Number of protein chains: 2
Amino acid sequence: MIGVSFLADEFHVLYSGINMKHKLRQHIEEITPLTDSEFDYILSHFTPKKLRKHQFLVQEGDLVKNDYFVLSGLLKAYYINPDDGKEHILQLAWEDWWITDYQAYFNGTSSTLNIDCVEEVQVLCLSLHNRDKICAELHKMEHFFRRKSNSGYVALQRRILSLLTNTAKERYEQLLSDYPTLFQRVPKTLIASFLGVSRETLSRLSQ
Amino acid sequence: MIGVSFLADEFHVLYSGINMKHKLRQHIEEITPLTDSEFDYILSHFTPKKLRKHQFLVQEGDLVKNDYFVLSGLLKAYYINPDDGKEHILQLAWEDWWITDYQAYFNGTSSTLNIDCVEEVQVLCLSLHNRDKICAELHKMEHFFRRKSNSGYVALQRRILSLLTNTAKERYEQLLSDYPTLFQRVPKTLIASFLGVSRETLSRLSQ
DNA sequence: CCAATAGCGTGATATAGATCACACAAAACC
DNA sequence: GGTTTTGTGTGATCTATATCACGCTATTGG
């Protein structure tokens, strides 16, 4: 039994370690090429973490120590309106996305958001200190994060415009065409909350 | 007369040149210190531009060559919904803000937005090529733009959350408390369009 | 394997905010 | 300096979407 367990662990390390590291490298190399040693160095600033479904990655009031790169699974970042207790989804993140409460992370303040796991999740954690360190040491990484942030900014502008100009139905159809697989992966309630519509209305829209 | 005009121009250069350059330097140095020669070098990648009220900085369909740093005046970036012709304000920018159609600028595609001057405006133009150049040559600038982009990202997330969770009245009051001077500076119609409310509703809210 | 919970659809009703339609005031412009 | 144009307030409606209330189904967990 000990032997078997050991082998299983070996396999697991192989699978969730080396293969998963590869995911981060591929992700960075979409923007800038890296040497093996650069990547190893970068990776040494991340720490892996696994979470089960429904586990919190960030809870309202927490100090937010890390930004999280998602290796597998799906998470939601949401705000709970204290007036009516309703939850509003700011972000959904899955493989190859980054997620955290950025306001709290960048400013060292405590979180106003909750982030929890909609599925079992594997992430790589990057502290602000380590992020700034690798950015300062490797111009490439500063460049990488600048580019990521720029794309993120554009995506958020698009979402704002969509909230300002489109009806609930148009937003729903836009999301469906942008991320068709999402609808098989998460409950409609989450989609509704992400789109800023009640779940009842969403249910009627999708017909 | 020639003498007087010359003196006036001198003054103008002094005022709108040196003093204005100073604005950019101050702005960058909020994030990273610069030597005189670094700043001069950076500045050499910008070109100044003046526009009168109602002039377009970017028009729908244009290729967007530049990002614009606002030295003086106020501009709006807006999308016109082709279905009903209504305009929706994505961004308002004044002194010390950057504005452009970022989607078009970063991707080299043509603009879906219009940007025009609500007041007489002075901007410094930065082409994507020059931006990438100074970022590549000066790690400081890559850092500066990363930090700017990060703050922008956080600001947009806040706006999205506000659109998702707050009523029109709450959004109005939030904006009023964040930017009280704005309300003396632009017509209420623009505020309404920025908040995603009709001008009639805004008028009723503000009582 | 069965109970508890979460997800989903759907009718009836309520409401925030849009739209339409004015009037009047204040700028901007020739 | 008078006339377009732009901005603003306000009443009377209309409508997209929220809310409440229910039942049924799928999933989860002990």
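Quick caveat, the model's predicted, so the values are computed rather than measured. Just so it is clear: chains get the letters A, B, ... in the order the sequence lines come, proteins before strands, and each one is counted from 1.
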*Asks:* Under 6.0 Å from the six-membered ring centre of A:Tyr153 and within 45° of its axis: does the NZ or CZ of A:Arg158 meet both?
*Replies:* no

*Asks:* How long is the line joining CG of A:Leu164 and P of C:dG17, in whole Å?
*Replies:* 14 Å

*Asks:* Is NZ or CZ of A:Lys76 both nearer than 6.0 Å to the six-membered ring centre of A:Tyr78 and within 45° of the ring axis?
*Replies:* yes

*Asks:* Which residues satisfy the salt bridge (charged side-chain N to carboxylate O under 4.0 Å, His left out) test with A:Glu173, sequence neighbours excluded?
*Replies:* none

*Asks:* In whole angstrom, give the distance that lies between atom CG of B:Asn81 and atom C1' of C:dT19.
*Replies:* 15 Å

*Asks:* When the distance from CG of A:Leu205 to C1' of D:dT15 is rounded to whole Å, what number comes out?
*Replies:* 14 Å

*Asks:* Considering only C:dC8, D:dG7, D:dA18, which nucleotide approaches the side chain of B:Pro187 most closely?
*Replies:* D:dG7

*Asks:* What nucleotide among D:dT10, C:dG9, C:dC8 has an atom nearest to a side-chain atom of B:Arg199?
*Replies:* D:dT10

*Asks:* Please work out which residues in residues 167-186 of chain A have a non-hydrogen atom less than 4.0 Å from an atom of DNA chain C and list them by number.
*Replies:* none

*Asks:* Is there a donor and acceptor pair closer than 3.5 Å between the side chain of A:Arg204 and the base of D:dT19?
*Replies:* yes

*Asks:* Side chain to side chain contact (heavy atoms under 4.5 Å, CB included) with B:Asp67: which of B:Phe46, B:Phe106, B:Trp98?
*Replies:* B:Trp98

*Asks:* Would you say the ring centroid of B:Phe183 lies under 6.0 angstrom from that of B:Tyr172?
*Replies:* yes

*Asks:* Do B:Tyr68 and B:Tyr105 make the cut of ring centroids closer than 6.0 angstrom?
*Replies:* no

*Asks:* Using five base pairs at each end to define the local axes, how bent is the helix from C:dC1-D:dG30 to C:dC30-D:dG1, to the nearest 10°?
*Replies:* 60°

*Asks:* Any side-chain N or O of B:Thr201 below 4.0 angstrom from OP1/OP2 of C:dA18?
*Replies:* yes

*Asks:* Find which nucleotide of DNA chain C each of A:Thr189 and B:Lys86 is nearest to by heavy atoms, and output the residue with the more 5' nucleotide.
*Replies:* A:Thr189

*Asks:* Looking at B:Arg185 and B:Glu95, is any side-chain nitrogen of the basic one under 4.0 Å from a carboxylate oxygen of the acidic one?
*Replies:* yes

*Asks:* Can you work out whether B:Ser206 or A:Asn166 has the more 5'-proximal nearest nucleotide on DNA chain D?
*Replies:* B:Ser206

*Asks:* Give the residues of residues 51-60 of chain B touching DNA chain D, defined as any heavy atom closer than 4.0 Å, sorted by residue number.
*Replies:* none

*Asks:* Under 3.5 Å, is there a donor-acceptor pair between the B:Ser149 and A:Asn150 side chains?
*Replies:* yes

*Asks:* Is B:Lys49 salt-bridged to B:Glu120, going by a charged N under 4.0 Å from an acidic O?
*Replies:* no

*Asks:* Using 30° and 60° as the class limits, which term best fits the ring planes of A:Trp97 and A:Trp94: parallel, tilted or perpendicular?
*Replies:* tilted

*Asks:* Salt bridge or not for A:Asp36 and A:Arg25, using N-O below 4.0 Å?
*Replies:* yes

*Asks:* Please confirm whether A:His27 and A:Phe144 have ring centers closer than 6.0 angstrom.
*Replies:* yes

*Asks:* Given D:dT8, D:dA21, D:dT10, identify the nucleotide with an atom nearest to the side chain of A:Glu200.
*Replies:* D:dA21

*Asks:* Which of residues 191-198 of chain A sit near DNA chain D, with a heavy atom under 4.0 Å from it?
*Replies:* A:Gly196, A:Val197, A:Ser198

*Asks:* Between B:Phe69 and B:Val123, is there a side-chain heavy-atom distance shorter than 4.5 Å?
*Replies:* no

*Asks:* Check the distance between D:dG7's C1' and B:Glu87's CD and give it to me in whole angstrom.
*Replies:* 14 Å

*Asks:* Between B:Asp116 (CG) and D:dT6 (P), how many Å, whole number?
*Replies:* 12 Å

*Asks:* Quick one: list whatever passes side-chain hydrogen bond (donor to acceptor under 3.5 Å, both in side chains) with B:Asp84, sequence neighbours left out.
*Replies:* none

*Asks:* Which whole-number value in Å describes the distance from A:Lys188 NZ to C:dT10 P?
*Replies:* 11 Å

